[in-house]
Amino acid sequence: EGNSGVAILPTSLPQLHRANMLSSGLLQNSNIHPLVSKKSKTKWHFGIRSRSYPLDVMGEIYIALKNLGAEWAKPSEEDLWTIRVRWKYSGSNQIANNEANNSQNQNNEKIPDLLKIVIQLFQIETNNYLVDFKFDGWEDSSGAPVTPSDITSDEISAFSAYPFLHLTTRLIMELAVNS
Amino acid sequence: LATSSIKHNTLCVASIVRYKRKYVTQILYAPL
Amino acid sequence: SSVDVEQELALNAIRQVLKSKTSYDVLPVSFRLIVLDTSLLVKKALNVLLQNSIVSAPLWDATTSRFAGLLTSDDFINVIQYCFSNPDKFDLVEKLQLNRLRDIERAIGAKPLETTSIHPSSSLYEACTVMLRSKSRRVPLIDKDEETHREIVVSVLTQYRLLKFIALNCRETHFLKKPISELNIISNSTVRSCSMTTPVIDVIQLLSEGNISSVPIVNENGVLVNVYEAVDVLGLIKGGIYNDLSLSVGEALMRRSDDFEGVYTCTENEKLSTLLDTIRKSSVHRFFVVNESGQLVGVLSLGDLLRYILVGS
């Protein structure tokens with residue numbers, strides 16, 4: 001390649017600009033500070049952690065689910081620490097209304113409106129628990145089957161996580177507010 | 001579900017989703 | 001000349017690549033997408049953008065379970081202009097939610113930001129044409145959930161990402177050797193500039209009225225000394241100093257964080273091959289064309305480059 005004329009304008013570098021502003025006397029407002037460039041990296045956790053007594057945690061979750069109008073399957077004796085939730089997703093009505101009143105879209109397909117989530121309590125160590133949330137598919141309030149029979153869940157290649165993420169924020173808010 | 005600590009009254013949740021043969025970490029910020 | 005022939009052949013080869021590849025192909029194997037719920041406060045959304053070093057994000061309206069457009073620096077420019085014309089409404093901005101930004105846009109008579117989107121399996125060529133038409137200079141990739149038919153925001157393509165994909169994947173870019181002065185793609189007659197002492201609110205008006213994303217700052221001899229970019233507005237609002245709009249643009253630039261890479265310049269003899277190579281290596285926002293004495297000659301935006309690659313001079 002021949003010599004390239006591409007360059008970075010030295011006076012546009014923040015440190016040099018600030019020095020030039022100070023030396024040129026153009027600075028009237030001296031308490032303008034640069035944005036912090038070191039961003040604290042987001043620390044991620046699985047689910048939400050709790051140090052409360054396990055049964056209290058489960059109780060708070062059931063109360064929050066009830067306040068949010070969700071329903072759940074009666075837990076089995078041997079598995080008290082898992083809650084199978086079903087949640088009517090309001091967004092779907094909106095979509096149904098947008099596309100057609102009887103909650104069918106143009107190609108006459110059902111728009112499932114019951115989002116299923118599995119909430120499970122895990123013990124990480126003594127007095128340290130983790131509440132895990134897992135998406136568990138959709139159901140239709142009319143009971144009609146949802147997943148098109150010819151597609152296995154492995155083959156599904158376009159899945160929207162937003163309804164699941166939205167409902168978990170609602171639940172986490174409810175738990176945060178209640179606690 | 002992945003969560004991060006609540007900051008500035010803002011909730012941040014995420015989920016890693018496969019889209020065809022690629023992986024998208026969908027991160028949603030919502031008000032507390 | 002052979003340079004002309006090579007340039008034309010290279011452009012055709014690159015266009016073929018753009019027609020044969022899809023927007024999905026540009027996506028990394030694993031990537032993250034930050035989405036904002038429309039009920040978030042604008043100032044909280046600003047924190048999220050700055051904390052993640054991004055300047056735009058798709059919006060999600062949970063009440064309708066739909067994609068609700070993009071948050072971009074244009075929205076923050078609208079908010080500043082609204083504050084400037086409604087000095088008594090500063091506290092409103094403190095409580096402004098993202099789903100009210102369209103009202104602000106209407107209140108100041110700004111041109112609405114269209115949210116044209118495309119399907120991830122559409123061709124890159126189509127993505128380029130949609131992007132060149134869009135005011136936001138980026139295009140969301142939207143698909144539908146197979147079970148629930150709900151919209152999925154898969155990603156957002158930007159002009160920079162597209163040019164970088166071309167620079168990384170089309171070796172024909174090495175044959176683009178004609179000097180840019182012969183391509184008729186440099187914006188020089190219409191370039192609006194300002195001086196270091198121009199009030200920042202006047203520069204923001206220039207950005208908004210001219211639908212441009214940067215205003216060059218020149219000294220008394222016309223020498224380029226710095227540039228005020230639309231994304232700099234985020235730092236202005238973050239600092240809450242948008243109400244002190246008597247600030248000069250030089251003072252407003254004191255907000256820039258130290259990781260700002262600097263303004264890229266080139267001369268009229270530059271070739272597209274070296275410009276694309278620069279884009280491959282660095283996060284360039286645009287190129288300012290200067291002469292030997294550093295005086296501003298014109299600007300070459302990423303949109304200008306993309307448009308030339310797509311349709312020629």
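In this text the structure is predicted, and so the values were computed from the model without any measurement.
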Taking every heavy-atom pair that is under 4.5 Å apart, which of B:P31, B:A14, B:A30, B:C12 has the most such pairs with chain C?
-> B:P31
Turns out that what part of C:Q97 lies under 4.5 Å from chain B's heavy atoms comes down to neither
Run the salt-bridge test on C:D232 and C:R256 with the 4.0 Å N-O cut-off and return the result as yes or no.
-> yes
Closest approach of C:L306 to C:L163 (non-hydrogen atoms, all atoms of both residues) = CD1-CD2, 3.7 Å
How would you list, in number order, the residues of residues 3-10 of chain B that have a heavy atom less than 4.5 Å from chain C?
-> B:K7, B:H8, B:N9, B:T10
Check whether C:L41 gets within reach of chain B through its side chain, its backbone, both or neither, counting any heavy atom under 4.5 Å.
-> neither
Any side-chain heavy atom of C:I152 within less than 4.5 Å of one from B:Q26?
-> yes
Below 4.5 Å, heavy atoms only, C-beta onward: do C:V153 and C:L33 meet side chain to side chain?
-> yes
Is any side-chain heavy atom of C:L162 less than 4.5 Å from a side-chain heavy atom of C:C128?
-> yes
Do C:S283 and C:E261 have side-chain atoms, one donor and one acceptor, less than 3.5 Å apart?
-> yes
So which of B:V17, B:T25, B:I16 has the largest heavy-atom pair count under 4.5 angstrom toward chain C?
-> B:T25
So, are C:R102 and C:D75 salt-bridged, with charged N and O less than 4.0 Å apart?
-> yes
Is the cationic atom of B:K22 (NZ for Lys, CZ for Arg) positioned less than 6.0 Å from the six-membered ring centroid of C:Y24 and within 45 degrees of its normal?
-> yes
So, the part of C:V154 with a heavy atom under 4.5 Å from chain B: the answer is both
